[in-house]
Amino acid sequence: RLRKWQERIRTKDAGERNLQFALSEIDRMASAIGVPRSVREVASVIYRRALNEDLIRGRSIEGVSTAVLYAACRKEGIPRSLEEIAEVSRVERKEIGRTYRYISQELGLEMRPVDPKKYVPRFSSQLELSEEVQAKAKEIIDTTAEQGLLSGKSPTGFAAAAIYAASLLCNEKKTQREVADVAQVTEVTIRNRYQEQIEAMGIPT
Amino acid sequence: MSAPADSIEIQNVVASTGIGQELDLEALATDLPGADFNPDNFPGLVYRTQEPKAAALIFRSGKIVCTGAKSIDDVHEALDIIFGKLRDLGIPVEDSPEVTVQNIVSSADLGHSLNLNALAIGLGLEDVEYEPEQFPGLVYRMDNPEVVILLFGSGKVVITGGKTVDDASAAVERIVDRIDDLGLLG
DNA sequence: ATATTACTTTATAAAGC
DNA sequence: GCTTTAAAAAGTAATAT
C-alpha cells in the first residue's frame with residue numbers, strides 16, 4: 001500500500017518535471033518562431049492530453065514538445081512548415097513529422113489539411129510584396145486548387161509558386177530563388193507548380 | 001467495362017516459413033554464393049533468387065522470411081529453390097514446410113483523378129491521415145477487409161496489409177463505392 | 001535547365017538490442 | 001522503438017550533366 005503510494009508520488013513528480021520541461025521548451029520554440037500566446041496555450045493543452053493518455057513513453061520530451069507546437073500552429077490557423085519548426089528544435093524534421101502524426105492520430109485531433117493561402121501573408125511580407133500580389137496569389141491558389149491541382153502537393157511549394165506567379169503578373173517580380181528561400185522549397189518545385197498553375201489559370205506563357 | 005478491381009496488380013508478397021532445423025549462418029554465408037550476412041547489422045542472412053526474383057531472410061532458428069515475390073506461386077518457387085540449396089549443403093529440410101503469407105502489396109487504378117482534400121473530409125478525418133507536406137498519398141485504414149489503402153491524386157492506389165488476393169479486390173470495390181457515394185469520383 | 005538518384009509513406013515476418 | 005528485405009504510388013530534394 002505504501003509502495004503504491006510512493007510510486008504514485010514518484011510518477012506524479014516525474015510527470016510534473018516532464019511537463020515543466022516540455023512547457024519551457026514549447027515556450028522557447030514558440031518565441032523563436034514568433035507565434036502568439038494563444039498557440040502556446042493550445043500547445044500546452046495538447047501536451048497535457050498526450051501526457052494523460054501516456055503517449056510520451058518511448059519518445060523524447062523535446063520531440064513531443066516540437067510536434068505539439070507544430071499541431072498547435074495549425075490548429076490556430078497560423079501554420080509553420082516542418083522545416084521552419086525543425087530550425088528551432090533540436091529534433092530532426094522526420095522525427096517531428098512522425099511524432100506529430102502519432103499524437104494527432106492517438107488524440108483524434110482531426111487536423112484538416114493545411115491551406116496554402118495561410119502561408120501567403122507571411123511569405124509575402126518577407127518578400128516585401130504588396131497586398132495586390134497577395135490577393136492575386138490567393139486567387140491563383142483557390143482557382144487551381146478547385147481544379148484539383150493541389151492533391152498530393154506540399155502546401156508550401158504550392159503557395160510559393162502562386163506567389164511567384166502573382167509577383168510576375170503584378171509587375172513586382174521576385175526571382176524563383178528569392179521565393180524559394182523564404183518558403184524553404186527548391187526552385188525546381190516552384191517551377192513545376194508554377195507551370196501547372198499558369199496553365200490551369202489560362203495564362204499564356 | 002474495365003472495373004478498377006480488374007486493374008489490380010500484385011507487387012509484393014511477404015511470407016514466412018521455417019525448416020525445423022537450427023542453422024549455422026556463418027557456415028551458410030561461406031557455402032552459399034551470393035549470400036549477405038552482417039550479424040552486426042541484422043541477425044538474418046540475406047539470399048536473393050533470380051527467377052523468380054525474391055529475397056529471403058534466413059535466421060539461425062531456421063525460420064525464413066521471403067519478400068519481393070510477385071505472386072503466391074512465386075513465393076513457393078523461390079522458397080523451393082532455397083530449400084534445394086540447403087539440401088545440397090547437406091541440411092535436412094522436410095518436403096514441404098508450411099508457408100504463411102503475411103502481407104500482400106497491390107496497386108490499382110481507380111480510373112479517375114481524386115481531390116484528396118475533399119476525400120480527407122469525406123472519408124472522415126478520424127480514419128484518414130493526409131499530410132501532403134510529408135507524403136503525397138492519403139492513408140486510409142479500412143476495417144473490412146482490414147487493410148491500409150494509399151490514395152493518390154492520380155487515382156492510383158496501393159493496398160497493403162492484406163493476407164489474401166481477395167482482400168485487395170474487396171478493398172478496391174469498397175473504396176470505389178465509398179468515393180462514389182461521396183460524389184467524389186472525378 | 002533537365003535528368004538521375006534517393007528519400008518520404010503503408011504492411012509484414014524474422015532475432016536481438 | 002530500432003535494425004533488414006521487397007514493392008507500388010507521386011512529390012520533393014540533392015546532385016550530376
Side-chain angles (χ1 to χ4, degrees), chain A residues 57-60 63 81-83 93-95 97-99 101-102 150-158 160 176 180 183-193 195-196, chain B residues 8-18 23 25 36-49 52-71 74-75 78 99-110 113-114 116 129-142 146-163 167-168:
Chain A
R57 198 174 288 175
R59 272 156 230 279
S60 71
S81 66
L82 285 173
E83 206 68 48
R93 200 196 112 116
K94 186 174 156 184
E95 178 64 21
R98 280 192 181 179
T99 306
R101 292 198 317 264
Y102 172 72
L150 180 55
S151 283
K153 268 77 164 214
S154 155
T156 23
F158 207 80
Q176 293 178 358
Q184 292 183 285
V185 296
T186 64
E187 294 168 87
V188 178
T189 295
I190 292 188
R191 222 139 47 215
N192 292 336
R193 295 307 135 246
Q195 292 293 350
E196 295 173 353
Chain B
I8 295 175
E9 285 181 43
I10 295 179
Q11 300 291 354
N12 183 21
V13 178
V14 179
S16 58
T17 186
L23 292 167
L25 297 184
D36 287 340
F37 184 44
N38 296 83
D40 292 341
N41 285 341
F42 189 69
L45 178 153
V46 182
Y47 183 76
R48 287 160 229 271
T49 59
K53 192 183 166 205
L57 304 177
I58 304 173
F59 298 89
R60 193 175 45 189
S61 64
K63 293 194 175 175
I64 300 173
V65 172
C66 178
T67 69
K70 288 286 184 192
S71 69
D74 281 359
V75 167
V99 175
T100 308
V101 174
Q102 302 287 357
N103 184 29
I104 297 178
V105 181
S106 304
S107 59
D109 190 348
L110 303 190
S113 59
L114 301 170
L116 300 184
E129 193 174 283
Y130 176 48
E131 293 292 335
E133 187 185 348
Q134 301 180 59
F135 185 70
L138 182 157
V139 182
Y140 178 67
R141 283 160 212 282
M142 185 175 273
E146 202 167 299
V147 297
V148 171
I149 307 176
L150 307 182
L151 299 133
F152 297 86
S154 64
K156 302 271 188 67
V157 302
V158 170
I159 305 93
T160 187
K163 288 184 159 43
D167 284 342

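- When distances are taken from the side chain of A/Arg98 to each of D/dA6, D/dA8, D/dC2, the shortest belongs to D/dC2.
- Residues from residues 150-162 of chain B that place a heavy atom under 4.0 Å from any atom of DNA chain D, listed by number: B/Leu150, B/Phe152, B/Ser154, B/Lys156, B/Val158.
- No engagement by A/Gly58 is indicated, since no non-hydrogen atom pair under 4.0 Å with the nucleic acid exists.
- Rounded to an integer number of Å, the gap from CG of B/Leu138 to P of D/dG11 is 14 Å.
- Along DNA chain C, the stretch of nucleotides lying under 4.0 Å from any heavy atom of chain B spans, 5' to 3', C/dT8 to C/dG16.
- When rounded to the nearest whole Å, the span between CD1 of A/Ile190 and C1' of D/dA13 equals 13 Å.
- Nearest-nucleotide mapping onto DNA chain C: of A/Val188 and B/Gly62, the residue sitting toward the 5' end is A/Val188.
- Between A/Gln184 atom CD and A/Ser81 atom OG the span is 5.5 Å, to the nearest 0.5 Å.
- In this structure, the CD atom of B/Glu133 is 10 Å from the P atom of D/dT12, given to the nearest Å.
- A salt bridge links A/Glu83 with A/Arg93: the closest approach of a Lys/Arg side-chain nitrogen to an acidic carboxylate oxygen falls below 4.0 angstrom.
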TODO: Go through the steps to decide whether B/Asn12 and B/Ile104 satisfy the test side-chain contact (heavy atoms from CB on, under 4.5 Å), and finish with yes or no.
DONE: CA-CA 6 Å; B/Asn12 183 21; B/Ile104 297 178; over 6 Å; no
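- Rounded to an integer number of Å, the gap from A/Glu187 CD to D/dA14 P is 12 Å.
- Contacts of B/Ser106 with the nucleic acid, taken as non-hydrogen atoms under 4.0 Å apart, are absent.
- Judged purely by atom type and a 3.5 angstrom limit, B/Glu133 uses its side chain to pair as donor or acceptor with the backbone of A/Leu82.
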Open item on the list: The test is side-chain contact (heavy atoms from CB on, under 4.5 Å); show your working for B/Leu150 and B/Val157 and say whether it passes.
Closed with: CA-CA 5 Å; B/Leu150 307 182; B/Val157 302; over 6 Å; no
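- Residue-level contact check: B/Val13 touches neither bases nor backbone, having no heavy atom under 4.0 Å from any strand.
- Electrostatic pairing of A/Arg193 and A/Glu196 counts as a salt bridge here, judged by a charged N lying under 4.0 Å from a carboxylate O.
- As rounded to the nearest Å, D/dG1 and C/dT9 have P atoms that lie 13 Å from one another.
- What separates NZ of A/Lys153 from P of D/dA13 is a distance of 14 Å, to the nearest Å.
- Taking side-chain N and O atoms only, A/Thr186 has no distance below 4.0 Å to OP1 or OP2 of D/dT12.
- One interatomic measurement links the two molecules: CD1 of B/Ile58 to P of D/dT5, which rounds to 14 Å at whole-angstrom precision.
- For B/Arg60, the CZ atom is loosely surrounded, since the number of other residues' heavy atoms within 6.0 Å does not exceed 12.
- Taking atom C1' on both nucleotides, C/dT2 is separated from D/dA9 by 23 Å, rounded to a whole Å.
- Under the 4.0 Å criterion applied to side-chain N and carboxylate O atoms, B/Asp36 and B/Arg48 are assigned as salt-bridge partners.
- As a whole-Å value, the separation of B/Asp74 CG from D/dA7 P is 12 Å.
- Taking only side-chain nitrogens and oxygens, B/Lys53 comes nearer than 4.0 Å to OP1 or OP2 of D/dA7.
- Atom C1' of nucleotide D/dA7 and atom CZ of B/Arg48 are separated by 13 Å, given to the nearest angstrom.
- Remark: the separation of the P atoms in D/dT4 and C/dC7 is 12 Å, to the nearest Å.
- As judged by a 4.0 angstrom heavy-atom cut-off over every strand, B/Val148 is placed among residues touching the sugar-phosphate backbone only.
- Using a 4.0 Å heavy-atom criterion, one finds that A/Arg101 contacts the sugar-phosphate atoms exclusively.
- Every ring-ring contact (aromatic ring centres under 6.0 Å, His included) that B/Phe135 has, sequence neighbours left out, goes to B/Phe152.
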Open item on the list: Quick one, B/Val14 with B/Val65, criterion side-chain contact (heavy atoms from CB on, under 4.5 Å). Give me CA distance, side-chain angles, the key distance, then yes/no.
Closed with: CA-CA 7 Å; B/Val14 179; B/Val65 172; 4.2 Å; yes
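- Each of B/Val14 and A/Thr189 has a nearest nucleotide on DNA chain D; the 5'-most of these lies closest to B/Val14.
- Here C/dA11 sits opposite no nucleotide as a Watson-Crick or G-U wobble pair (both hydrogen-bonding atom distances under 3.5 Å).
- Nucleic acid contact class of A/Arg191 (heavy atoms, under 4.0 Å, all strands): base.
- Nearest-nucleotide positions on DNA chain D place B/Phe59 closer to the 5' end than the other of B/Phe59 and A/Gln184.
- For A/Thr156 (side chain) and A/Ala183 (main-chain N/O), no donor-acceptor pair under 3.5 Å exists by modelled atom type.
- As the counterpart of C/dT5, D/dA13 is assigned, both hydrogen-bonding distances of the Watson-Crick or G-U wobble pattern falling under 3.5 Å.
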